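Read through the structure below, which is laid out as structure tokens, and then see the notes.
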Amino acid sequence: MRVLKFGGTSVGSIENIIQVKDIINDQEKKVVVLSAMSGTTNALVTISEHIKNEQKSKASAIIDGLEISYKETTQALFSNEEILLNVQEYVQDIFYYLRRSTDKKYDQLLYNTIVSYGELLSTYIFSAYIRQEGVRVQLLPALDFMRIDRNNEPDNFYIRQNIHRIIDELPVADVYVTQGFICLDVDGQVSNLQRGGSDYTATIIGAAIRAEEVQIWTDIDGFHNNDPRFVTNTTPISNLSFDEAAELAYFGAKILHPQTVTPVRELDIPVRLKNTMEPNSYGTLITHDVHGEGIKAIAAKDGITAIKIKSGRMLLAHGFLKKIFEIFERYETSIDMITTSEIAVSLTIDNATHLEAIVEELERFSFVEVDNEQSIICLVGNSIIYHNQTHKLFQILQDVDVRMISYGGSHNNISLLIHSDHKIETLQRLHRYLFESITV
Ligand code: ASP
Ligand code: MG
């Protein structure tokens, strides 16, 4: 069986929903994972923020707008009266619960419940639609099998047991539609896999059912060699290794949730990225195989904080790093880049929630400097650190104000830290010299 995941835009308009139906309608058995329709999760997040700030009327106004758009979509999608009525009832129920939540006290569970409605709506509507169109479909409720453990990692044993059980219990179908993103936590409460988590759902399921392939269908034809939002003339990359894809996803390439390849990498299940709007273009195939040499792609991640920690004593005494790491560990804040010198350590974090407390503790035994608004630019390619063209990078960087550089942490990655104001210009510059063969 294959697992096919479709993102928000793929189910975000009537035209695209029809397109997705055509893509999946080939009589082969498959699991289809859906995101919420585009814009919905953002709207739900805003609704919960208004509830948090006790601004009920603002929350209600967004709920009203959202409900109208769902009414219009369902009206346009269904010609079968009976199916239409059934779907309308479901949509009404969800909006009833959503309205009721504006009277509740805000907490994490309320937030998680509200944001789960997006995927519940999209999967209900989509499965009803393809049933109307004659596809043998069953809805596979994610909350019946998708669960995370105490460490917020997928509970693979539980997932595997339950998804098989549910598929066996359901009437035979060609297409099993399920919700991306949402899951239960260790206490059995509604939770999720973080924003963009539907990709992760797809590979977790792929691993659980030992799928032959996981396909991520989105609105772009695969991983590009640079960020198409900021750079023109980017081109799709046909093949990436799991390592390369993991680095790119982690360091900012928006196309994939950072954890996506983790569940399938060990099992060697290929991940294919495809464009719903152009199903015939090749996309990107991610496998264990290594293709090409040198710098293959560039990605950037914003919202990075750099912290420079200078030893109170002149030399980096042993035990100094341990003390630093223990503090970050205690605040569950992971470190992305790190460079050291004899007297100082510079490192970056992307989650500044506990920054103040961390700095306060560090200052007990060191001098600390913090720089906000930093971006990591990540260059990825098979064995790039050995490649004979990589030295060009250092010439190009002559004119870039680099705050930190990480080279050799892995063979496939070089990371640069720059101020976010210089990000676009740096991406464009790197692109011109590295991919458009302009010499320095
Ligand atoms: N709907 C969720 C989000 O917008 C999950 C996803 O799209 O992957 O983050
Ligand atoms: Mg996404």
Side-chain angles (χ1 to χ4, degrees), residues 3-13 16-17 20 31-49 62 66 69-70 73 94 98 108 111-126 141-143 146 148 152 154 177-185 190-206 214-224 227-229 236 245-246 248-264 271-277 283-284 286 299-303 350:
V3 179
L4 282 72
K5 178 259 168 176
F6 292 88
T9 358
S10 304
V11 288
S13 67
N16 291 353
I17 292 175
V20 173
V31 175
V32 169
V33 176
L34 300 182
S35 291
M37 295 167 83
S38 51
T40 299
T41 311
N42 284 345
L44 295 171
V45 169
T46 313
I47 291 166
S48 6
E49 275 161 8
I62 301 178
L66 203 58
S69 78
Y70 274 89
T73 307
I94 293 278
L98 197 49
Q108 189 62 42
Y111 170 88
N112 288 345
T113 308
I114 291 175
V115 297
S116 75
Y117 294 148
E119 272 72 13
L120 292 176
L121 285 166
S122 66
T123 48
Y124 200 92
I125 294 170
F126 182 76
L143 299 184
M146 188 58 80
I148 47 176
N152 294 332
V177 174
T178 191
Q179 298 86 19
F181 178 59
I182 64 174
C183 62
L184 293 182
D185 67 11
V190 179
S191 185
N192 60 64
L193 303 170
Q194 310 296 325
R195 294 303 306 271
S198 300
D199 302 334
Y200 195 22
T201 303
T203 50
I204 295 170
I205 293 176
V214 175
Q215 299 182 350
I216 310 280
W217 289 78
T218 144
D219 51 7
I220 182 167
D221 49 352
F223 261 113
H224 273 224
D227 195 324
R229 290 169 301 175
L248 281 173
Y250 186 73
F251 285 112
K254 276 281 164 288
I255 181 169
L256 270 195
H257 180 280
Q259 297 281 12
T260 308
V261 298
T262 317
V264 289
V271 178
R272 199 184 283 277
L273 309 186
K274 295 281 287 176
N275 186 349
T276 305
M277 277 43 98
T284 300
I286 306 167
K301 181 173 175 178
D302 294 330
D350 66 357

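Quick note: numbers below take in every heavy atom, side chains included, and nothing from hydrogens, waters or symmetry partners. Quantities reported herein were computed from a predicted structural model and do not represent experimental measurements. Whatever order the structure lists ligands and atoms in, that order sets their numbers, starting from 1.
- With sequence neighbours excluded, no residue forms a side-chain hydrogen bond (donor to acceptor under 3.5 Å, both in side chains) with Ser116.
- A donor-acceptor pair under 3.5 Å links the side-chain atoms of Asn16 to the main chain of Thr9, judged by distance alone.
- Screening Thr218, Asn275, Asp219, Thr276 for a side-chain hydrogen bond (donor to acceptor under 3.5 Å, both in side chains) involving Ser10 leaves a single residue, Thr276.
- Formation of a donor-acceptor pair under 3.5 Å by the Glu119 side chain with backbone atoms of Ala36 is found in this model.
- Side-chain contact between Gln194 and Tyr200 is absent, with no heavy atoms from C-beta onward closer than 4.5 Å.
- Of the possible donor and acceptor atoms, none in the side chain of Thr123 sits under 3.5 Å from a partner among the backbone N and O of Val177.
- For ligand 1, the 4.0 Å heavy-atom shell contains residues Ser35, Ala36, Thr41, Glu119, Phe181, Arg195, Gly196, Gly197, Ser198.
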